[in-house]
Amino acid sequence: MTRPRTRRARRPAGRPIPRRLRHAALLLICAAGVSGAAQARELLAIRAGVWEDRLRVVVDVDAEGPYRYRALTEPARIVIDLPETGFARAEIPVVADWMVRRIRLNALADGAAQIVLDVSREPDYKVFSLPAEGGKPARIVCDVFRPSHPPAPDAERPWVVAIDAGHGGRDPGVVSQRPRLREKDIVLDVARSLARALEQQPGIAARLIRDRDERISLSERVRRAEAMRADVFVSIHVNGCTRRSPKGAEVFFLSLGGATDAAAEELAELENEPVAAEDPLMGEIAELPFAVDLIQTDTIQRSSLMAELCIERLSADALAASRGVKQANFVVLRSCRVPSVLVELGFLSNPEDAQNLASEAHRRSLAESLARGLLEYRARYARRSETGSP
Ligand SMILES: [Zn+2]
């Protein structure tokens, strides 16, 4: 049975806004940021889907209208401007594709909505528009094509692991008196050992987010990881507790609450919906809504696999009692678009853990164990986008 299609509310085309009013509208937009109340049209949604040969970004708008686009370099990006377009309600998909690294949405001073695709290299791309039809709104589509000739193996860039030693500078993290230890020192030492262990492997580059005793904001940590073009992100911490009994290591990955359930629900719903065979876009519109969520879910799933392998390795090497893998909404993980985990090595508040963490040899073993967990993740699950090749 075919379900009735949901109709989108459409704004009447109307006459062009008089110049005087346009000026007033501009002021309003400046004051209200992205409010599109007085705009000629509204951007309804941005969606992204990944195919073998391309990544497709579809912009739904409530009315047809002009658009302009261009590719820019340093950094490489594709820019699409939609004049006089508001986007008060539009959501931006999280993309973790090797080719299109991020989608951004800007409000320009002249009232245009600007969509920016941050791409990894000079893009082979195409932008075109589609009219509203069959219950679908007007669309602007941008296809970014994957190169047909993958780079030669020796040209592949290494798998980049960003290692984030927590805290630093004025922020010591957890502190214990006997033995006298500070989290910021322990995690920096483990981070350095982990980098050394990883660097011994061919095809792997380990990069330290901080390599000295400095205080860095969480957003700066993420910015540095992005600048390193990290394929995975590992944040290292040590726990503390008011009680002495809790002990052992635990590894966290990002939780988006209900997001993964919503993706699964939407997927099930679409499985039951027939895709029109004559659709000029190969049914892309029908497939896209969950493609976006799948990308997010995919990164989270990879994070959870990486977390599992890290904790399994620590536990198998008998270096720490395992408290398991947990989900949490840490800012430093939330901001990352690559598989990311946060490792708590042990509790400074627990005498046994603290004694272990005070030992340089034990810290080195922890680092080597973590390195084995990460290498196992890479060998088993790292997709091609994480090895830098298409
Ligand atoms: Zn910490």
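Both ligands and their constituent atoms are indexed starting at 1 by order of listing. Numbering starts at 1 and runs along the sequence shown.
In summary, Glu214 and Arg224 engage in a salt bridge, as defined by a charged side-chain N under 4.0 Å from a carboxylate O.
Side-chain atoms of Glu183 and His167 include a donor-acceptor pair closer than 3.5 Å.
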Could you pull out every donor-acceptor pair under 3.5 Å between side chains of residues 310-319 and any protein atom, sequence neighbours left out?
residue : atom : partner : partner atom : Å
Arg313  : NH1  : Asp317  : OD1          : 3.2
Asp317  : OD2  : Ser369  : OG           : 2.8
Asp317  : OD2  : Arg372  : NE           : 3.4
Asp317  : OD2  : Arg372  : NH2          : 2.7

TODO: Would you check, one step at a time, whether the test side-chain contact (heavy atoms from CB on, under 4.5 Å) holds for Phe252 with Val343?
DONE: CA-CA 6 Å; Phe252 291 88; Val343 184; over 6 Å; no
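In terms of the side-chain contact (heavy atoms from CB on, under 4.5 Å) criterion, residue partners of Gln177 (sequence neighbours excluded) are, by chain and number, Val175, Arg180. In this view, Arg207 and Glu199 satisfy the salt bridge (Lys or Arg N to Asp or Glu O under 4.0 Å) rule, not counting sequence neighbours.
The distance cut-off of 2.8 Å around the Zn ion (ligand 1) captures these protein N, O or S atoms, sorted by chain and number: His167 NE2, Glu183 OE2, His237 ND1.
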